Amino acid sequence: MTDTSALSVSTQKVKRSRKLDYSVLFATISAASMAYVGSTALNVALPAIQIDLNARGADLLWISNSYIIVQASLLVVFGSLSDRFGRNHICMLGILLFGIASLIAGTAPTVEILILARFAQGVGSAMIVPCTLAIVSSHFSGDRHGWGIGIWSAFTLFSSGLGPFIGGVLTEMGMWRMIFYVQIPFGIAAAWVLWRYVPETYYKDTRPVMGWLSALLITLSLLGLTHGFLEAPQFGFDHPAIWLSIVFGILTLLLFVLVETHEHARELLDLFRVRTFTGGNLALFLLYVSVGPILIYIPLNMIQIQGYSESFVGIAILPMTILMLLSSAYVGGIVDRYGPRKPIAVGHALTFVAFVLLAMIGITGGQHDYWKTFFLPLFLAGMGLGTTLAPLTVAVMESVEETKAGIASGISNTLSRVGQVLSVAVMGGFALSIFTAALLNDSNVRDLPEATRSQLEIESMDLGETTIPESLTPSEKANVEAAIRNSQVLAYNVLLWVSAAFCLLSGIISWIMIDNRLVRRQENVP
């Protein structure tokens, strides 16, 4: 006879387990989505912000980079603190700070206040992101580890990709400030579920891997390097403020390495002597170097060069978003069964082809040409990134013991964000320089009076919003407008070729260094 009472108890346990699984995924995905939407939704609104707040081209890159700089600097600090004091608590504090900063950003009257609010959002996101991944990594174990991280990666990538759609719709409605407010409900929902349903995890004996001095040094380093490279096109690399800024950034970076090596040599060596951990993080770093500028310049290209509307840009990027979601969710199970190397290789190949195709796009006929120009490469980029990022994340997190999940998550996210910061700063400054040089050397601009050319050189710091001098005749204005578009396309295409090269290098390193057999290290797990 069947023991119905035993079956009933077993069924209740399964239901409770599934309820906890769904609670963990809902809370972590909602919290991480708050940070990721905050990172990407604003990219589509940058042209409108430039007009409304009278911002320069470099200011647009600061709006993006200010957020990532602080996030990159503090991810390891808060990831380490979460291991020691509780991942739920640190995450909820981050949600609170992010929400307050979003309210300030939404009411910012000047670009300077907006940038400062973005800095504060970056601090909040640095508390949220490593905690959510650590919570998922701790809860899902064994043969469900890849599946759990795959689902988390899929939906956080989806929310990241959904950001441009939300930003595009709101911007076209003249409500770009609402972008900051729509992030808040994600945080409220996440905080409630974390507090009410998700068990806290922490390990009191965990020693922090990165202290506040190190966080300050890496912040100053990234600020110095970002300022130097973004402002160089306007002032020149020979200007004292520029080369001093870059030298300062390099020196503080070296000092950061010395401090970390002296204070935490054992802990860092313990992590980085694991080949898969090192290879996976290096591959992620290079992949984010390749992806960083694209997230900003694809929307700018579509709006300022191709003449797309903001809402259409959001719709145009949706295929990439949906493919990232589907491929990332599906690939987690494949990694659990067959290992990460082949999915990572396939994902890198698809992403590389996508970047090459994007690099070959010139001035098109506008929105009507979307299906034969941008659709296929964005489709491939979504499938490629979704197939790559989840297995890379699983490989990194699976290579360390569970007690160091927060630290590992912090290091991984830090290297990814540092790659994104440096690529936006260096490649962004590079793009500004290419744009200015191409504009001034255009045949339609080269024959203009010297005073007019000097004015255009100054105005070129605004990229696609470069102001055309009123003194020109209608035909001269039309020629200069065409020169602006052609120069911006050239800068955009060069960036895409560089991105493709970094993507290829990331794929080669991951194939060489990542072990296909992933068995989580169990030592020191209580």
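Quantities reported herein were computed from a predicted structural model and do not represent experimental measurements.
Using modelled atom types, no side-chain atom of T171 and backbone atom of G168 make a donor-acceptor pair closer than 3.5 Å. No donor-acceptor pair under 3.5 Å is formed between the side chain of R341 and the backbone N or O of M513. In this structure, S30 contributes its side chain and A27 its backbone to no donor-acceptor pair below 3.5 Å. Q121 places no side-chain N or O within donor-acceptor distance of the main-chain N or O of F98, the cut-off being under 3.5 Å. No donor-acceptor pair under 3.5 Å is formed between the side chain of T28 and the backbone N or O of T132. Using modelled atom types, one side-chain atom of S506 and one backbone atom of A283 make a donor-acceptor pair closer than 3.5 Å. Put simply, the side chain of T388 gets close to the backbone of H348: a donor and an acceptor are under 3.5 Å apart.
Across all their heavy atoms, R87 and I135 have their closest contact at CB-CG1, 3.7 Å. When all heavy atoms of A35 and Y67 are compared, the closest pair comes out as O-OH, 2.7 Å. Closest heavy-atom contact between P391 and P343: CG-CB, 4.0 Å. Across A191 and M92, no two heavy atoms sit closer than the pair O-SD, 3.7 Å. Scanning both residues, S510 and L392, for their nearest heavy atoms gives CB-CD2, 4.3 Å. Shortest non-hydrogen contact noted between A395 and T276 is O-CG2, 3.6 Å.
At a threshold of 4.5 Å between non-hydrogen side-chain atoms, the residues I298 and L358 count as touching. The side-chain heavy atoms of D515 and P340, taken from C-beta on, include no pair separated by under 4.5 Å. Counting only heavy atoms from C-beta outward, the side chains of L93 and L97 never approach each other to under 4.5 Å. A 4.5 Å side-chain heavy-atom check between F312 and I317 finds every atom pair outside the cut-off. Using a 4.5 Å heavy-atom cutoff, the side chains of L323 and F379 are in contact. With a 4.5 Å cut-off on side-chain heavy atoms, L53 and T110 do not count as touching. Within the 4.5 Å cutoff, the side chain of L103 has no heavy atoms near those of the F180 side chain. Looking at heavy atoms from C-beta onward, Y181 lies in side-chain contact with T107 at the 4.5 angstrom threshold.
Between the CD1 atom in I344 and the CD1 atom in I509 there is a gap of 12.5 Å [rounded to 0.5 Å]. To the nearest 0.5 angstrom, S290 atom OG is 10.0 Å from L505 atom CG. L116 CG to R118 CZ: the interatomic distance, rounded to the nearest 0.5 Å, is 12.5 Å. From I104, atom CD1 reaches atom CD1 of I113 across 9.5 Å, with rounding to the nearest 0.5 Å. Atom CE of residue M34 and atom CZ of residue F186 lie 9.5 Å apart, to the nearest 0.5 angstrom. Rounded to the nearest 0.5 Å, atoms CG (L380) and CZ (F375) are 9.0 Å apart.
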Q: Apply side chain to side chain contact (heavy atoms under 4.5 Å, CB included) to W152 and I29, showing your working.
A: CA-CA 6 Å; W152 179 88; I29 289 169; 4.1 Å; yes

Q: Starting from the C-alpha separation in whole Å, work towards a yes-or-no answer on side chain to side chain contact (heavy atoms under 4.5 Å, CB included) for C131 and N88.
A: CA-CA 7 Å; C131 293; N88 293 12; over 6 Å; no

Q: For F285 and N281, run side chain to side chain contact (heavy atoms under 4.5 Å, CB included): C-alpha distance rounded to whole Å, both residues' side-chain angles, the deciding distance at 0.1 Å, then the answer.
A: CA-CA 6 Å; F285 172 82; N281 276 309; over 6 Å; no

Q: Quick one: do I95 and I188 satisfy side chain to side chain contact (heavy atoms under 4.5 Å, CB included)? Show the steps, please.
A: CA-CA 8 Å; I95 290 170; I188 294 173; over 6 Å; no

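Checked against a 6.0 Å centroid threshold, the rings of F26 and Y22 do not count as neighbours.
For F502, the CZ atom sits in a loose shell: 12 or fewer heavy atoms of surrounding residues, nucleotides or ligands are nearer than 6.0 Å.
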